[in-house]
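Would you mind keeping the following structure in view while I ask a few things?
None of the values given here were measured: they were computed from a predicted structure. For ligands, and for the atoms within them, numbers begin at 1 and follow the listed sequence.
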Amino acid sequence: MNNQEARKAVVDSRRIVVKIGSSSLTENGNIRDEIFTDLARQISALKSAGREVILVSSGAVAAGSRALGWENAGNSVREKQAAAAVGQIHLMESYRREFEKFDTSIAQVLVTRTGLDDRERFINARHTLLHLLELGVVPVVNENDAVSPEEIRFGDNDNLSATVLNLVSADLLIILTDVDGLHVAKPEEGQSKPALIEIVDAIDEGVEAACGGSISTFGSGGMVTKLEAARSARHSGAATVLCSSHEPDVLLRVASEGENLGTLFLAGTKLKSRKHWLAFTTHPRGTLTLDDGAVKALLSNGNSLLPPGISKVQGEFGVGDTVSCVDIKGSEIARGLIGYDAAAARLLVGASTQEIEQRLGYSTGDEIIHRDDLVLTRDFNFQSDPTKRK
Ligand code: GLU
């Protein structure tokens, strides 16, 4: 697909998730009030043209810090959570006031990673969001920072926006940020900007390397999480445009006029929504190390995971929790919903299927992870220790 065709597909998208980050909503620590007007005007115009839009907005911590008279966003988790609780209502009031000028109703939807980790609550959130869209309302989504446990949270709204995209099967993600897109190398202050990458058709090591040698050089919440979001969106079958919130009329120019702004990440092959949820939203509670035979059986033969191929079990998990399957070098190759708890899985290391009952005193089936509950993640370049991935 060339750039022109790809930009045409962007214009043809019907359901759009727009993500705006704290860096775009604030300037020198102050909320840029004009941005709320700008977003309300453009999103209302997209709606009038028959598009459905969900806004994922950060800014609660920044707005709360301002309301509390703090000079910065607070250092401790507790301070940030308190600031988010104060700021979220200021944020929503700014959106409500500005959207009202365009006769657009908005709704606040606060989510947590632990909530969306649960399949039932994930489906519930989907129903609510879809119903809001049916009613012509613009949902404004943020993480419920005040109650999110530190170790299991989205932490950045880039990943949250990609999760929302899968929740509602949207076909376009627009990430508004304070840079104009992804460049062939990291822009350095005082030096001329390296060329902008206009189109990305696979988020491979080349793209990560173009970010300045290593994906991690941008630090957390920088370009890393934007690439992660684009990768997740790609496997939802959606395109992502990463562009500057400072560009006038940026949403309309990207989504309605198909203008060549920012970096466009092309859509990839769509995973079934449940498998996407399993790979990108659930939080692995443990790790199974597999021998080469089991790795091959999963990757090449599409088999379920049986006990003989498991050489090590780490973590504490219950039946139905997500676990990560890694090869002997520790690289993740799959994730799945496990059929046995951690204590049972440990007893089953290296067992033949005939030995299951003998070792446990019961059997709930030969499969440790059934094929239907397994998703291959080897090509998703998840960073090391999956249980520590935010
Ligand atoms: N949820 C946080 C907030 O509203 C922001 C997370 C982020 O900046 O990505 O302040």
Indicate yes or no: does Lys226 engage Asp158 in a salt bridge with an N to O separation below 4.0 Å.
->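 A salt bridge is present here (some side-chain N lies under 4.0 Å from a carboxylate O).
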Atom pairs and distances, ligand 1 N/O vs protein N/O under 3.5 Å:
| unit_1 | atom_1 | unit_2 | atom_2 | d |
| --- | --- | --- | --- | --- |
| ligand 1 | 1 (N) | Asn142 | OD1 | 3.0 |
| ligand 1 | 1 (N) | Asp145 | OD1 | 3.4 |
| ligand 1 | 1 (N) | Asp145 | OD2 | 2.8 |
| ligand 1 | 4 (O) | Gly59 | N | 3.2 |
| ligand 1 | 4 (O) | Ala60 | N | 3.0 |
| ligand 1 | 4 (O) | Asn142 | ND2 | 2.8 |
| ligand 1 | 8 (O) | Ser22 | OG | 3.4 |
| ligand 1 | 9 (O) | Asn157 | N | 2.7 |
| ligand 1 | 10 (O) | Gly59 | N | 3.4 |
| ligand 1 | 10 (O) | Ala60 | N | 3.2 |
| ligand 1 | 10 (O) | Val61 | N | 3.0 |

Are the aromatic rings of Phe380 and Phe280 close, with centres under 6.0 Å apart?
-> yes
Indicate whether any N or O donor in one side chain lies under 3.5 Å from an N or O acceptor in the other, for Asn260 and Arg7.
->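 Yes.
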Measure the shortest side-chain to side-chain distance between Val323 and Arg335 over non-hydrogen atoms and say whether it is less than 4.5 angstrom.
->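 Not touching, per the 4.5 Å side-chain cut-off.
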Taking distance alone, no hydrogens or angles, what donor-acceptor pairs closer than 3.5 Å link side-chain atoms of residues 345-352 to residues at least two apart or in another chain?
| unit_1 | atom_1 | unit_2 | atom_2 | d |
| --- | --- | --- | --- | --- |
| Arg346 | NH1 | Glu316 | OE2 | 3.4 |
| Arg346 | NH2 | Gly315 | O | 2.9 |
| Ser352 | OG | Gln354 | OE1 | 3.4 |
| Ser352 | OG | Glu355 | N | 3.4 |
| Ser352 | OG | Glu355 | OE1 | 3.4 |

Donor + acceptor pair across side chains of Asp117, His283 (<3.5 Å) |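 There is no such pair between these side chains.
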